[in-house]
Undergrad: 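Sharing a structure here in structure tokens format.
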Amino acid sequence: MASGLAESASQAGSAEFLKVLGEAAEAMQLQRQAKTMAGSIVRGGLVEIQKLDNLVIVSDLHGDMESLFRILGEIEYDKFLSNPLNKLVFLGDYVDRGSDSVGILYSVCSLKSRHPDSVLLMRGNHEAPAEFPFSPHDLPYDLIDRFGDDAKMIYRRILEFFKLTTLAVVIRNDLLLVHGGLPTEPDALEDFRESISLAQENHVHSRVLEELLWNDPRPIVSKLGWDRSSRGIGRHFGSQATKRWLAATGTRTVVRGHEPCQGFKIDHDRMILTLFSSREAYQDFKAAYISVDADRLAEIKDAEDLSKYVKVLD
Ligand SMILES: [Mn+2]
């Protein structure tokens, strides 16, 4: 079954790709309008999962089909996704760097359209609005290779789809999920639900979207609580921001992606677990995912505890 999806993902032409992208976008639009998906509240770019059976978290894929389908095989995804209270959360960065960005987009959209209650697609910095320039951004060229004259129109539809992806997920009083990191401006925390749910709409005059997508944790930062990022966009944030966001959201551990590592790494006094799920374009690093059931998740104290449920692909 997994190989059937992988095959369609690598071969789909323009019409088939647009159909699957459109179905996923429609499912996400409907959930935003209804403000709900099974066991969860949807507030624009923020999803709060209240009821959960099992959780799988997949981080940056960057066009790496082999890693994605190894993970889907290991979790027996067809069975896993048939329970609406099982959640498969992708932390974003589907595209660029690896060899099949289009195949990854097709795959995650197909999963979302077939299992809208169980699949959650988050936004990475590689799914950013056009106002945030970054590199490498190979996706437009991959689209030309794959779809020729249709590439421009398909890219526009993909950019619209990116606006519907989720910016942060709060899982019960356990986990806070973002792609990059935590916003450092204190006003973002006054009402975290509002600042995250509207971050996409407000991104021209608020830093929240940029910081969620681009920030990285660092052990030591300036007295302001942040430093300029070596990425040229986003910030390095200190453990004070992490502490405040955990307190505001009532959670114990942050899970984020964005930085290649040996599958996972732990920062900020065990408050943050960084997960990475792509290997193809990162030969010196490892790919991993998290798989944990709701009862065990309720018992974890911090990122060190959570790391027991990280599965590193060999
Ligand atoms: Mn990233």
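Every heavy atom of this structure was used, including side-chain atoms; hydrogens, water molecules and symmetry mates were not. Index from 1, following the sequence. Counting convention: from 1, in listed order, for ligands and their atoms alike. This one's a predicted model, so the numbers in the text were calculated from it and none came from an experiment.
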Undergrad: Would Asp314 and Arg70 count as a salt bridge (Lys or Arg N to Asp or Glu O under 4.0 Å) if you check the C-alpha gap in whole Å, the side-chain angles of each, and the deciding distance to 0.1 Å?
TA: CA-CA 10 Å; Asp314 47 40; Arg70 289 234 355 236; 3.3 Å; yes
Undergrad: Any salt bridge (charged side-chain N to carboxylate O under 4.0 Å, His left out) pairs touching residues 88-109, not counting sequence neighbours?
TA: Asp100-Arg146
Undergrad: Who passes side chain to side chain contact (heavy atoms under 4.5 Å, CB included) against Ala241, sequence neighbours left out?
TA: Phe237
Undergrad: So what's near the Mn ion (ligand 1), protein N, O or S atoms under 2.8 Å?
TA: Asp93 OD2, Asn125 OD1, His179 NE2, His258 ND1
Undergrad: Just to verify, what does Arg43 make a side chain to side chain contact (heavy atoms under 4.5 Å, CB included) with, not counting sequence neighbours?
TA: Ile41, Leu46, Glu48, Arg193, Ser197
Undergrad: Using side-chain hydrogen bond (donor to acceptor under 3.5 Å, both in side chains) as the criterion, point out the one residue from Asp174, Asp302, Asp305 that pairs with Arg252.
TA: Asp174
Undergrad: From Lys87 NZ over to Asp53 CG, what is the distance, rounded to the nearest 0.5 angstrom?
TA: 9.0 Å
